Number of protein chains: 2
Amino acid sequence: MTLAEVQTIHCGDCPIRHRAVCARCDADELEELDGIKYYRSYEAGQPVVWSGDQMNFVGSVVSGIATLTQTMEDGRTQMVGLLLPSDFVGRPGREGAAYDVVATTDLVMCCFRKKPFEDLMAKTPHIAHRLLEMTLDELDAAREWMLVLGRKTAREKIASLLSIIARRDASLTKDPTSGAVSFDLKLTREAMADYLGLTLETVSRQISALKKSGVIVLEGKRHVTVPDMRRLIEEAGDDSDGGFWG
Amino acid sequence: MTLAEVQTIHCGDCPIRHRAVCARCDADELEELDGIKYYRSYEAGQPVVWSGDQMNFVGSVVSGIATLTQTMEDGRTQMVGLLLPSDFVGRPGREGAAYDVVATTDLVMCCFRKKPFEDLMAKTPHIAHRLLEMTLDELDAAREWMLVLGRKTAREKIASLLSIIARRDASLTKDPTSGAVSFDLKLTREAMADYLGLTLETVSRQISALKKSGVIVLEGKRHVTVPDMRRLIEEAGDDSDGGFWG
DNA sequence: GCCTCATGTTGATCTGTGTCAAAGCTGACA
DNA sequence: TGTCAGCTTTGACACAGATCAACATGAGGC
């Protein structure tokens, strides 16, 4: 299924609106602006927007996860953001996207084309304000990540990523007596390397090192338990009070 | 002069409005919203907002330059953004700023407090839209910089920074026959290192290396001439078509 | 002029991370 | 059951960039 073939389906009842656009407004605002709400579906691995394409819509993730990546000609790649449900992407009217957006799971987005989006912005100032807030949050997160990329050691980078995942991951479990936290790493070592500006070998080695010093406990390759979050945060250097994942 | 002592002066005629907030709207919009426009002045080196302070206003730079930096307890610092005239900063109502904002030259800002700012956003949707656009531009620039920090070599980093400065610097001169471009580097080697996640020694060495291979010509320490921009962009790996500086 | 201090350059050496290579593990599938 | 492919770990080695140190340059003040 190519980008061109993606179905565009009108929807009269977008489940995302209360979390995303309307998170701070009265319930049913959007329903009154009929004809401007759409779904789009993408399969895992499919590009949502490819760097250089016209990005002619604004979309909010309903379900699934997408990654934002930048790539150099020689193949070096850097992940620059994640889109989780309720996050936004898109610059209607902007020539050429700045980075690739790829669905890493099956993905559903609620999309607005240029004109309806501009109408929406003009008619509902509180939605415009909420969008600005969300964008500023993303900007803060991106800037925090710049410190990780520019100044932290490999070990600190891994610890930063783990502590941010631990804070953000909704499916995490917490042991009430010990306070230990566990979660599934949904990333390959290579994906982690792309977030952190490292090689996958270095990621693997540093995870082994954190395991050996007892900061984390691994079951299998992907299930992580953190016996003491403070210890992990300490390893991260400190940041870790907001972060890349929102 | 401490932050608390900064004068807050009502102004009825803010010269920045057409470049910043109103860049895409009819001329005199702001004049009709009297009583919500302010100036603030800062001396070079003075903090505008210190990380952890309440950031209780939104400000647009009228003149001067400020830097945004993040610092770790052990002193490692990473520059995460620049504020040039017409740029914005601030999150009214947000507890604690995410990073330090410091005036690096004498600085004048046009500021809005929380309430007037929210009124402005509500009453003038085209200004709200313009603010969103500007914030999205900054987000794109931050993400582009993440590629530089995470994946580029020292030499590529220097070339990236120089080509971005060459594109952004208003005071640059261009030789009409040869196409050579020259400008003054307004940054110390240390500041460049903080942008690029390097040490100042590495910055110095790589500048010398670029000079030796003829990509740039130096007069004194700070005046740079680029005989062939394509050559510099090639050295940068490629990105360099938007960038950190706006 | 001379001193001082901030900024910049260069050299020698060290080290963290990349690179290349081999082998282990796990789940899918025939 | 065996095989295969993708992911992960681990080792040996190389190298880019950090660190430590010495010296150069240039502007400002006396």
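Lettering of chains follows the sequences in order, A, B, ..., and the numbering in each one begins at 1. It should be emphasised that the depicted structure is a prediction, and the values quoted were computed from it without experimental measurement.
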Exercise for review: Please confirm whether any donor atom in the side chain of B:R222 sits under 3.5 Å from an acceptor in the base of D:dT25, or the reverse.
Suggested key: no
Check your understanding: Under 4.0 Å: is that the gap between some side-chain N or O of A:S204 and OP1 or OP2 of D:dT10?
Key -> no
Review point. Just how far, in rounded Å, is C1' of D:dC7 from CG of A:L187?
Key: 14 Å
**Study point:** From CA spacing to verdict: side-chain contact (heavy atoms from CB on, under 4.5 Å), A:D100, A:T67
**Key:** CA-CA 8 Å; A:D100 302 332; A:T67 57; over 6 Å; no
Study note, to complete from the structure: From CG of B:L196 across to C1' of D:dA16 the rounded distance in Å is 15 Å
Exercise for review: Mind checking the CZ-CZ spacing from A:R205 to A:R189? Nearest 0.5 Å is all I need.
Suggested key: 13.0 Å
Point to revise | Main-chain N/O of B:R230 paired to B:D228 side chain as donor or acceptor, under 3.5 Å | key: yes
Practice item. Take atom CG of B:L198 and atom C1' of D:dT19, then tell me their distance rounded to the nearest Å. Key: 14 Å
Check your understanding: In terms of the nearest nucleotide of DNA chain C, which residue is placed more toward the 5' end: B:R189 or A:T199?
Key -> B:R189
Practice item. Indicate whether the side chain of A:R155 and that of A:S213 have a donor and an acceptor atom separated by less than 3.5 Å. Key: yes
Practice item. Measure the distance from NZ on B:K157 to P on D:dG17 and round it to the nearest whole Å. Key: 8 Å
Review point. In whole angstrom, what separates B:I207's CD1 from D:dG17's C1'?
Key: 15 Å
Exercise for review: Starting at atom CG of A:L210, determine the distance to atom P of D:dT8, rounded to an integer number of angstrom.
Suggested key: 16 Å
**Study point:** Terminal contacting nucleotides, 5' and 3', DNA chain C versus chain A (heavy atom, 4.0 Å)
**Key:** C:dT17 to C:dC20
Check your understanding: Does A:R205 get its side chain close enough to the base of D:dG11, under 3.5 Å, for a donor-acceptor pair?
Key -> yes
Study note, to complete from the structure: From CD of A:E201 across to C1' of D:dC13 the rounded distance in Å is 13 Å
Revision key, fill the gap. B:R151 CZ to D:dA16 P, in whole Å, measures 17 Å
Check your understanding: Would one find more than 12 heavy atoms of other residues, nucleotides or ligands at under 6.0 Å from atom NZ of A:K174?
Key -> no
Review point. Sub-3.5 Å donor-acceptor pair from the side chain of B:K157 to the main-chain atoms of B:L196, do we have one?
Key: yes
Review point. OP1 or OP2 of D:dA18 sitting under 4.0 Å from any side-chain N/O of B:T202?
Key: yes
Practice item. For side-chain contact (heavy atoms from CB on, under 4.5 Å), just list the numbers for A:M146 and A:L149, CA-CA rounded to whole Å, side-chain angles, deciding distance to a tenth of an Å, and then say yes or no. Key: CA-CA 5 Å; A:M146 286 166 67; A:L149 291 174; 5.6 Å; no
